[in-house]
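Throughout, protein chains are lettered first and strands after them, A, B, ... in sequence-line order, and every chain is numbered starting at 1.
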Amino acid sequence: MKISEKIIEGGLFSSAVITILTTIGIIWVLLSQSLVFFKDVSIWEFLTSTEWTPLFTKKSYGILPLISGTMLTTLIAVAIALPLGLCIAIYLSEYAPRKFRDIFKPMLEVLAAVPTVVYGFFALTVVTPFLKNIFPEIDTFNALSAGLVMGVMIIPMVSSLSEDALFAVPKSLREASYGMGATRLQTSFKVLVPAASSGIIVSVILAFARAIGETMIVAIAAGQMPNLTANPLAAVETITAYIVQVSLGDVAHGSIEYRTIFAAGLTLFAMTFVLNNVSFFIRKKYQEKYD
Amino acid sequence: MSTLTMEKKTHFAEPIKNMSDSKKKPSIAKISTNNVNVFYGDNKVIKDVSIEIQEKSVTAFIGPSGCGKSTFLRLFNRMNDYIETFRKEGDICIDGKDIYGKKVMVEELRKMVGMVFQKPNPFPKSIYENVAFGLRIQGIKKRAVLDEAVEHSLRQAALWEEVKDQLNKSALALSGGQQQRVCIARALAVGPSVLLMDEPASALDPIATSKVEELIHQLKEKYTIVIVTHNMQQAGRVSDKTAFFYLGNLVEFDKTKKIFTNPKQELTERYITGRFG
């Protein structure tokens, strides 16, 4: 019995260690390969140059166009998901009958379970042609279409986590508000949303991080054109899409072109890492407030 | 008398007007209920209760836990409406008007019938914004009006002197007793004529409790106060009349002095003397 306990404990321990080692391994590969890259390309050029053309004859290694492509699609996605997600959260938490909420919420979360390749395909073959009717000048691959569809994809993250935050606001605050003669709408927007604001912010940040790291949709629908622009109708390239392009392309392993994807990956990792930590920090503060 | 279908905005100064009006017809009860039954689903929690509460008096509801005193109190500002299985029979009138009538706007009713809850529940906002909340949701934006109402209400709640230099501080940073008085000020700011208090001192320490009780004494001059309490000494100290509830029945309702010294019902006497409950 003692021995079997030991074996189980060892098994559980090693599964934890394997996870951590894998993470460390990933970070190690990212860092070491990036370090080699930054021996050839200065960090200054990497962060300030406005051209990203590592695969061309005239090479330039400015990550800004990729960051702008990433931010553009992500901001479009959040601009869709934040208002819609918040409205859904308020409706489910404050208006919908309990039974409806219990059925609707899991259904909404199915949106998050749709394979992203399906979303990407949908963006390219349905949304883009539709947008072309409205904006004839739009590129076949464009940030808007990818951003919109990505927005739909992250709605459940915003609505579900925000709904949890709204639902967790103490009943006593609702009573106080209703007791003052406030309507449901006033109670929702003047009491509950401010009281749940940290939870709502966390939901948006996590959705934001998810959109930044999203690959399939943008790789299929947003294009492969590193482009420092804020024009949503233009083709852009996100960091993730670039990494796919190079990984699947015929770039020689070990070449500087090949190493660009590690530098790009490191940049992406830094962005999502910061966002995750910000949300973790806010969530911790938020928990202290209500315990 | 302010009515349930007020055309004009409620104003914090209105109770004073109510006072002069009321002297003309002092005999009509402020709140009256007629054979009221309340159900939660199939569960009958208030059984055939009729009661008349006089204006500008303090009425205490006492009784053991689960006797229905809180539920009964929450009928007066329709807070039970949010319970999905809630159903009531019988009439409940304030100022002679059926507050469950079809034309009654529940938001308007609650501006007239303020409520203070068991646990202090200030909003996570500043002291100022807490007290101004009721006026803000009525669309009042003028700073001067809000300033005056906030000061007036905080003075009425005997809190002004303590917080006047820190009105922008979060209400959550105050002590429990101060928080409860912010909640009282918040309720008063919209100019109610009735104040419902659901065990307002049960979460407070003895000093804060005595301050709230003192406040109830002062507020009685302007407001009709109904207070639910599990503390019989408190009922004895603050109220003019006391209603004893047991298992959803109104067992006895009389002058507080009478209830505590010479109750008619044996059940009341047994509860008062602490033999059950």
Side-chain angles (χ1 to χ4, degrees), chain A residues 86 89-105 162-203 282-291, chain B residues 4 6 9-10 73-74 76-85 105-126 129-139 170-172 179-180 182-192 195-198 203:
Chain A
L86 191 57
I90 289 173
Y91 175 72
L92 287 182
S93 165
E94 302 308 312
Y95 288 84
R98 277 287 76 89
K99 273 186 192 150
F100 180 80
R101 171 183 178 266
D102 294 344
I103 296 168
F104 188 78
K105 216 181 162 189
S162 296
E163 203 268 347
D164 290 343
L166 288 169
F167 202 66
V169 173
K171 187 171 155 242
S172 64
L173 285 187
R174 282 186 182 79
E175 289 192 324
S177 180
Y178 290 135
M180 297 292 300
T183 61
R184 268 177 204 255
L185 193 68
Q186 288 170 328
T187 303
S188 298
F189 281 99
K190 303 214 161 156
V191 176
L192 301 176
V193 169
S197 58
S198 36
I200 293 168
I201 291 168
V202 166
S203 80
I282 293 175
R283 196 187 294 175
K284 214 175 134 206
K285 229 176 123 180
Y286 159 78
Q287 275 172 348
E288 278 166 20
K289 212 168 89 191
Y290 278 122
D291 280 349
Chain B
L4 301 181
M6 278 178 286
K9 299 265 192 230
T10 328
L73 182 82
R74 283 162 179 253
F76 301 155
N77 66 345
R78 296 186 51 173
M79 283 304 269
N80 292 326
D81 291 17
Y82 295 104
I83 298 163
E84 278 180 18
T85 55
M105 300 278 293
V106 69
E107 288 82 19
E108 295 298 325
L109 167 71
R110 291 186 186 137
K111 286 168 195 166
M112 194 175 85
V113 184
M115 187 159 196
V116 177
F117 298 84
Q118 183 168 0
K119 215 175 130 233
N121 56 355
F123 300 124
K125 299 173 189 274
S126 70
E129 286 305 323
N130 262 282
V131 181
F133 179 81
L135 296 172
R136 281 209 194 276
I137 60 173
Q138 291 175 34
S170 168
L172 295 174
Q179 284 188 15
Q180 193 61 301
V182 167
C183 294
I184 293 173
R186 180 175 67 187
L188 297 180
V190 290
L195 199 54
L196 307 177
M197 300 180 129
D198 192 355

Q: Where does B:R186 contact chain A at under 4.5 Å (heavy atoms): side chain, backbone, both or neither?
A: both
Q: Measuring from atom NZ of A:K190 to atom CZ of B:R136, what distance do you get when rounded to the nearest 0.5 angstrom?
A: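 So the NZ of A:K190 and the CZ of B:R136 are separated by 8.5 Å.
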Q: Quick one: which of A:P97, A:A182, A:G181 has the most heavy-atom pairs under 4.5 Å with chain B, could you say?
A: A:G181
Q: For B:R74, is there an ion pair with A:E175 - N to carboxylate O distance below 4.0 angstrom?
A: yes
Q: Contact part of B:P120 toward chain A, heavy-atom cut-off under 4.5 Å: side chain, backbone, both or neither?
A: neither
Q: Please report the shortest heavy-atom distance between A:L173 and B:N121, naming the atom on each side.
A: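 Between these two residues, the closest heavy atoms are CD2-O, 3.8 Å.
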Q: Indicate yes or no: at least one non-hydrogen side-chain atom of A:S177 is less than 4.5 angstrom from one of B:I137.
A: no
Q: Within the 4.5 Å heavy-atom criterion, are B:V106 and A:Y178 side-chain neighbours or not?
A: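 No, every pair of side-chain atoms sits at 4.5 Å or beyond.
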Q: Check each atom of B:V113 against the heavy atoms of chain A and say whether the ones under 4.5 Å are side chain, backbone, both or neither.
A: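 Just the backbone, heavy atoms under 4.5 Å.
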Q: Say you draw a straight line from CZ of A:R174 to CE of B:M79; how long is it, rounded to the nearest 0.5 Å?
A: 11.5 Å
Q: Using non-hydrogen atoms only, which part of B:F123 is less than 4.5 Å away from chain A: side chain, backbone, both, or neither?
A: both
Q: Hey, could you give me the NZ/CE distance between B:K111 and A:M180, rounded to the nearest 0.5 Å?
A: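 Going from NZ on B:K111 over to CE on A:M180, the span is 10.0 Å.
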Q: Under 4.5 Å from any heavy atom of chain A, what part of B:Q118 do you find: side chain, backbone, both or neither?
A: neither
